[in-house]
Participant: 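My questions all concern the structure below.
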Amino acid sequence: MTASSKAVRPKKTSPQPVDVLIIGAGPSGLSACIKLKELGITNTVILDLASRIGGTWALNDYPGLRCDVPSEMYSLGFAPNPNWSRTYAPQAEIQKYLEDVAHQFEIVDHIRLNTEVNDAHWDSKAERWQITTTAGDAYSAKILVSATGFIGEAKMPSFPGQDSFKGTIFHSGMWNHEHDLTGERVAVIGSGASAIQFLPAIQPKVKTLISFQRTPSWVLPKPDFAMPKVVSQIFKKIPVVQKLVRETALLGLEPSLPIFMRERVLRAATHPIGLYNIRRSITDPGMREKLIPDHTLGCKRPMFSNEWYAALAKPNVHVVFQGLSHITESGVVADNGREYPVDTIIFGTGYAVAEPAIYRIIKGADGHTLSEVWQGQPRAYQGMAIHGFPNMFMMLGPNSNNVQGSVMWTAEQQAVYISKAIKAIHDVGIKRIEVKKNVQDDFNTRIDKLLERMPIRPEVCKSYYLDDAGRNHFVWPEYGLVIKHKLHHVQLADYDVK
């Protein structure tokens, strides 16, 4: 071995000991760190692979991106923002808001950006989590909190001939901002939540746009408008008014749960609105008919836009109501064999919601990953605790999302639960805590009975809400007030404690 080879060998360093290691610097991770700090637990580190704070709002920045939940509800209750520019905030504002929250609560020093976790496993002997990063850093944590969310890893498809395409290809979740679309022939594959935002944004600048929509989705009108300055001024001067508006909006949505539990009522209440949104922009009767989805609204993610159908009606847009068969050197070919010459292909094909990368990284007490344990059918207790994975909590995990609020609200309530649980672990001197198998099973059995009454079922439509067995692994079908109460009260009796 030469002297030079010895010089470049990386040094072995002991893992950095921390009380809590959080993966993800989005709304969930920030909320957990802040709530822990409020309870006096400060030996906490947040690791995030992005170059800036914000989670999915840092990773995604395609044209037209904004939230589809009103801004007041898409914020953290303990960190109100009186400065939203619109009723539905754009991506840049949300990312900046989350960054400001980190500074406001002085947790920026806890965050390590540009840091990708490549292994996190439970060490039964040490009774701690051992975490390593792609850069070679190592941590030893008493508690692991996975806060990566479910919208992060872009799902890049692979079609025959894709590698032979001589133009430009990218996914909307990894937008190529260096590529100018002006005057180009562009194919957009997909008609989901991403496509309905970026397609109208790029339509005016491209020469032709081919929109592939194998299964059209329901898109409802969006009450989006600029926030009046007087409203912001009132919120700044009288913060309690903003809090009242937010809580009233959340409570006002509580009656929507029974509607989601009755498919006929849901169809009668929402489909006329969806049809109106189509008819007000699309004049061609044949195209109108093809744009009407064949599933009940709510089986797939509800979407909102005032520009989507108007963009599809533009002269430079051609809608293909078929799947993509294959790709040639110079174009895309539909299932009927027709080829469309294009310069750029943009995939709006969603994210790896059912199988995020973190599932393949975290290994539990028996050495198996979450993916290996779940086998495409994720289960947890209250969306957070998982049997076989001691001293760990997952935020926005299986069946953690209620139908009335937003992921911000869910993240906030889960952060309260997790911080209280970790505080109890710290105060009582608990070394190992793991949710009981029967407690986890009872929770899922109970909500499964409620889920059967919702339209999110395989016989109704194909949806990322459904796991490999056709079960809805996304929704917690109870009232927000009920969920909040449960997440604000930690029952140590639900866990095996050492």
Side-chain angles (χ1 to χ4, degrees), residues 18-61 67 69 71-84 89-117 120 131 133 139 141 143-152 243 246 356 358 383-384 392-397 400-401 405-423 484 487-488:
V18 295
D19 289 337
V20 185
L21 187 136
I22 301 170
I23 306 175
S28 300
L30 299 181
S31 296
C33 188
I34 290 168
K35 291 301 176 182
L36 285 167
K37 183 180 178 182
E38 289 177 353
L39 295 180
I41 299 172
T42 57
N43 186 14
T44 304
V45 170
I46 301 177
L47 307 181
D48 195 289
L49 57 81
S51 60
R52 54 185 179 173
I53 296 168
T56 187
W57 297 101
L59 293 170
N60 290 271
D61 58 358
C67 65
V69 175
S71 303
E72 288 307 323
M73 293 168 58
Y74 204 84
S75 55
L76 300 166
F78 59 83
N81 177 25
N83 300 313
W84 295 119
Q91 173 267 334
E93 275 189 45
I94 298 173
Q95 188 275 322
K96 180 64 165 55
Y97 162 74
L98 293 170
E99 200 168 77
D100 289 345
V101 167
H103 283 279
Q104 176 186 346
F105 289 90
E106 299 180 341
I107 63 168
V108 176
D109 290 343
H110 295 259
I111 302 171
R112 312 286 184 266
L113 297 174
N114 297 305
T115 304
E116 182 177 358
V117 173
I131 300 98
T133 72
Y139 298 86
I143 305 292
L144 175 67
V145 177
S146 173
T148 58
F150 49 87
I151 299 179
K243 182 177 180 180
R246 182 177 186 271
I358 197 69
M384 294 176 293
M392 188 190 97
F393 297 96
M394 173 172 282
M395 304 188 74
L396 302 181
S400 61
N401 297 273
S406 70
V407 293
M408 290 276 195
W409 182 89
T410 301
E412 183 178 343
Q413 311 316 317
Q414 288 187 333
V416 171
Y417 183 96
I418 291 170
S419 61
K420 287 185 175 181
I422 294 176
K423 176 66 172 174
K484 182 176 180 178
L487 296 186
H488 282 232

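From a predicted model like this one, the values you see are computed outputs, not experimental measurements.
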Participant: Supply the atom-to-atom distance W84 CH2 to C67 SG, rounded to the nearest 0.5 angstrom.
Facilitator: 7.0 Å
Participant: Which heavy-atom pair separates Q104 from A79 by the least distance, and what is that distance?
Facilitator: OE1-CB, 4.4 Å
Participant: Tell me, do S75 and M408 make a side-chain contact under 4.5 Å, heavy atoms counted?
Facilitator: no
Participant: Could you work out, with side-chain hydrogen bond (donor to acceptor under 3.5 Å, both in side chains) as the rule, every residue matching N114, not counting sequence neighbours?
Facilitator: none
Participant: How about F393 and Q414: do any of their side-chain heavy atoms sit closer than 4.5 Å?
Facilitator: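 In short, these two side chains do not touch, never coming nearer than 4.5 Å.
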Participant: To check you understand the geometry: which heavy-atom pair defines the closest contact between S51 and L113, and what is its length?
Facilitator: O-CD1, 3.5 Å
Participant: Looking at CD of Q95 and CG of D61, how far apart are the two atoms once the value is rounded to the nearest 0.5 Å?
Facilitator: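 It is 9.5 Å, given to the nearest 0.5 Å.
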Participant: In the structure I gave you, are the side-chain heavy atoms of V101 and I34 within less than 4.5 Å of one another anywhere?
Facilitator: yes
Participant: Got a second to check how far Q413's CD is from S400's OG, nearest 0.5 Å?
Facilitator: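 It comes to 12.0 Å.
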Participant: Working to the nearest 0.5 angstrom, can you tell me the gap between I41 CD1 and L36 CG?
Facilitator: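 Answer rounded to 0.5 Å: 5.0 Å.
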Participant: Which heavy atom of G149 sits nearest to which heavy atom of L396, and what is that distance?
Facilitator: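 Answer, listing the atom of G149 first, then L396: CA-CD1, 4.2 Å.
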Participant: Taking the side chain as C-beta and beyond, is there a heavy-atom pair between V145 and I46 under 4.5 Å?
Facilitator: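 The answer is no; the side chains never approach within 4.5 Å.
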Participant: Are side-chain heavy atoms of L49 and L59 found at a separation under 4.5 Å?
Facilitator: yes
Participant: If you define the side chain from C-beta out and look only at heavy atoms, does anything of M384 sit under 4.5 Å from L487?
Facilitator: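 Yes, side chains in contact.
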Participant: When the ring planes of F78 and F105 are compared, do they come out parallel, tilted or perpendicular, using 30° and 60° as the limits?
Facilitator: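 Ring orientation, 0 to 90° scale: perpendicular.
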Participant: At their closest point, which heavy atom of L39 faces which heavy atom of S419, and how far apart are they?
Facilitator: CD1-O, 3.4 Å
Participant: Inspect the surroundings of NZ in K96 and state if more than 12 heavy atoms from other residues, nucleotides or ligands are less than 6.0 Å away.
Facilitator: no
Participant: Return the OG1 to CD1 distance between T44 and I143, rounded to the nearest 0.5 Å.
Facilitator: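 So the OG1 of T44 and the CD1 of I143 are separated by 10.5 Å.
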Participant: Could you measure the distance from the OG1 atom of T148 to the CG atom of D48? Nearest 0.5 Å is fine.
Facilitator: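 Result: 9.5 Å between the selected atoms.
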Participant: Looking only at non-hydrogen atoms, find the nearest pair between E99 and R52 and report the distance.
Facilitator: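 Here E99 and R52 meet closest at OE2-CB, 4.2 Å.
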Participant: Determine, stepwise, if the pair L30 / L76 fulfils side-chain contact (heavy atoms from CB on, under 4.5 Å).
Facilitator: CA-CA 10 Å; L30 299 181; L76 300 166; 5.6 Å; no
Participant: For Y139, check side-chain hydrogen bond (donor to acceptor under 3.5 Å, both in side chains) against everything at least two apart and list the hits.
Facilitator: none
Participant: Side chains of V45 and R112: does their closest heavy-atom pair fall under 4.5 Å?
Facilitator: yes
Participant: Using the rule given for side-chain contact (heavy atoms from CB on, under 4.5 Å), can you reason through H488 versus K420, listing the C-alpha separation, both sets of side-chain angles and the distance that settles it, and then say yes or no?
Facilitator: CA-CA 8 Å; H488 282 232; K420 287 185 175 181; 4.2 Å; yes
Participant: Which pair of heavy atoms, one from L98 and one from G54, lies closest together, and at what distance?
Facilitator: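 Closest approach of L98 to G54: CD1-O, 3.6 Å.
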Participant: Could you tell me whether a side-chain N or O of T410 sits under 3.5 Å from a main-chain N or O of N401, the two making a donor and an acceptor?
Facilitator: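 No, T410 side chain to N401 backbone: no donor-acceptor pair under 3.5 Å.
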Participant: Can you find a pair of side-chain heavy atoms, one from P80 and one from R246, that are under 4.5 Å apart?
Facilitator: no
